[in-house]
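To start, the structure itself, in structure tokens.
Values in this document were obtained by computation on a predicted structure and should not be read as measured data. When a ligand or atom number is given, it counts from 1 through the structure's own listing order.
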Amino acid sequence: AKSGPSAVTNTMGAYACQRKTPLEHHNAVLTDALLLLAENADFCTNEGRSVAFKRAASVLKALPGPVRRMEELQGLPCLGEHCQRVIKEILEHGASSEVEMTRHSEHYQAMKALTGIFGVGVKTAEQWHRAGIRHPADLVSSEHKLNRAQRAGVEYYEHLRVPVTKAEADRIGEIVKRAVDAVLLGAEITLTGGFRRGKQTGHDVDFLITHPDEGREEGLLPKVVSWLEDLLLYQKTNKNSYLEAKEWPARPPSNMDRFERCFSIFKLQRPWAALEEPPQSGERGAAETPGWKAVRVDLVVTPVSQFAFALLGWTGSQLFERDLRRWAGQKGMSLSSHALYDCEQKRYLRATSEEEIFAHLGLEYIPPGERNA
Ligand code: 8DG
Ligand code: MN
Ligand code: MN
């Protein structure tokens, strides 16, 4: 048998959860282009098209080397006609006219800026765009009503645009740990989301909180939030609304789970701000840099019996999660961040680790660092 791209071609699964997708890959020029088209499709509320572009990009991320010729793509899954046209143009001319036109379009740029505001989705952004709003700054003086989340989003817009570093995520982890320890002895926190997949930066920091004794975690979040009060610029806490027997799987498992959870914005002191003296001049912009930074933090509390499902569900990537659920469905099962239900056996399949869940699903285990689909 031949080795090289064709060997990979023959074995690549069509579901992202069947492949190993590392963080660093060899086709960033192509995937950046396809992901921009995916983003633009989202801005045009065309989800099907968006997912198709994301799937194509994800397949290229899993390749062992850079694509140089169209023939190397033969037999790969998820690469539709449209994607191939874009890829071909980039391989031949270094850029895609469609991508460049989109990138510079007024609609794309305004939607990118407006959906970049915390609390603003595509629907709201589109309404504002139609009303002539192009940038968060336009909202400050406009008549448009903002809800509490959006007001915080506009206020901390410049802060929240700056990626969160791993070091900052770890510092926030220490603070959350202190809060959790103070309100419930023995409670545990786990860093999830992109940082668990090995990313060095992210748009937020995601934590799971649990306690080894089932039930002890109930009502924990309001206490943690009130302990953190002075450090929070914004928070919205939701109660747990998940009732296994009553409403699941009667209701289809959705993206949004029903854990006790908190969407927040942390006020993180910059390291030097804690010291006696700020750094001396000579560092550009040091004078205007405030001594703190606003950082988005998600806190989710899970009973320990659901912990493995929550961990798998919150580690991402989003496409990996989507394909896990689709894979489960195709196997006659239903997966959520709470549980796995076997629709034929009519029973829940228990698991205390991610490895067990992959095994229930008949999938090879993919470690977090290879879930960057
Ligand atoms: P980033 O923050 O570094 O940009 O990327 P990320 O960490 O991968 O994305 P995220 O938006 O913070 O989401 C982390 C994971 O959590 C991702 O797989 C999607 C998932 N997730 C949500 N909301 C919900 C939800 O309501 N329920 C569940 N189960 N998962 C969710 O973002
Ligand atoms: Mn995240
Ligand atoms: Mn998040």
Side-chain angles (χ1 to χ4, degrees), residues 16-17 21-24 35 38-39 42 50-51 54 57-58 61 112 115-122 149 153 159-170 172-173 176 189-210 221 234-242 248 251-266 294-303 306-328 334-340 354 357 366 368-373:
C17 52
T21 313
L23 193 58
E24 302 293 336
L35 290 174
E39 192 181 25
D42 279 327
S50 171
V51 172
K54 285 176 190 163
S58 171
K61 288 180 191 175
K112 178 133 181 122
T115 58
I117 305 170
F118 170 65
V120 178
V122 167
H159 282 253
L160 299 180
R161 290 162 36 104
V162 182
V164 188
T165 65
K166 178 65 165 61
E168 288 166 341
D170 289 338
I172 291 170
V176 174
I189 72 161
T190 307
L191 182 63
T192 63
F195 288 112
R196 183 163 182 256
R197 302 197 308 273
K199 285 180 68 179
Q200 288 305 303
T201 61
H203 96 285
D204 69 355
V205 193
D206 307 284
F207 292 103
L208 275 183
I209 306 173
T210 193
L221 202 49
Y234 167 89
Q235 63 89 9
K236 184 173 191 307
T237 306
N238 294 334
K239 290 210 188 90
N240 182 353
S241 61
Y242 177 78
W248 208 82
R251 273 195 210 173
S254 76
N255 247 347
M256 290 301 276
D257 57 46
R258 283 166 277 168
F259 290 114
E260 218 188 338
R261 65 149 79 172
C262 174
F263 299 106
S264 74
I265 301 177
F266 256 62
V295 178
R296 276 271 300 111
V297 177
D298 287 338
L299 304 175
V300 180
V301 174
T302 167
Q306 297 171 17
F307 180 79
F309 297 97
L311 184 61
L312 180 59
W314 281 84
T315 296
S317 67
Q318 271 170 46
L319 186 67
F320 193 89
E321 302 295 336
R322 189 186 187 103
D323 276 10
L324 266 179
R325 291 192 297 271
R326 204 164 56 97
W327 172 270
S334 185
L335 176 68
S336 76
S337 292
H338 298 276
L340 177 63
E354 290 180 316
I357 305 172
I366 311 281
E370 316 250 39
R371 294 181 205 159
N372 289 291

Atom 9 (O) of ligand 1: which of Arg296, Gln318, Arg196 has the nearest heavy atom?
Gln318

Quick one: which ligand 1 atoms are inside 4.0 Å of a heavy atom on Ser337?
28 (C), 29 (N)

Taking the side chain from Arg197 and the backbone from Thr315, do they hold a donor-acceptor pair closer than 3.5 Å?
yes

Numbering as shown, the atoms of ligand 1 that approach Arg197 to under 4.0 Å (heavy-atom distance)
8 (O)

Ligand 1 to Gly193, heavy atom cutoff 4.0 Å, flagged ligand atoms 7 (O)

One finds that the ligand 1 atoms under 4.0 Å from a non-hydrogen atom of His203 are 1 (P), 2 (O), 3 (O), 4 (O), 10 (P), 11 (O), 12 (O)

Below 4.0 angstrom from a heavy atom of Asp204, which ligand 1 atoms are there? Numbered from 1 as shown, please.
2 (O), 12 (O)

Checking side-chain polar atoms at under 3.5 Å, does Asp42 have a donor or acceptor matched by the opposite partner on Ser50?
yes

Within less than 2.8 Å of the Mn ion (ligand 3), how many protein N/O/S atoms are there?
3

Kindly write out the residues that satisfy salt bridge (charged side-chain N to carboxylate O under 4.0 Å, His left out) with Lys61, not counting sequence neighbours, or none if the list is empty.
none

Would you check if the distance from the ring center of Phe263 to the ring center of Tyr234 is below 6.0 Å?
no

Give the atom numbers and elements of ligand 1 that come within less than 4.0 Å of a heavy atom of Gly194.
6 (P), 7 (O), 8 (O)

Relative to ligand 1, is Thr192 under 4.0 angstrom through side chain, backbone, both or neither, heavy atoms considered?
neither

Donor-acceptor side-chain pairing of Asn238 and Arg261 below 3.5 angstrom
no

Identity of the nearest option to atom 5 (O) of ligand 1, non-hydrogen atoms only, from Arg322, Arg261, Lys199, Glu321
Lys199

With rounding to the nearest 0.5 Å, note down the distance linking CD1 in Ile209 to CG in Leu221.
6.0 Å

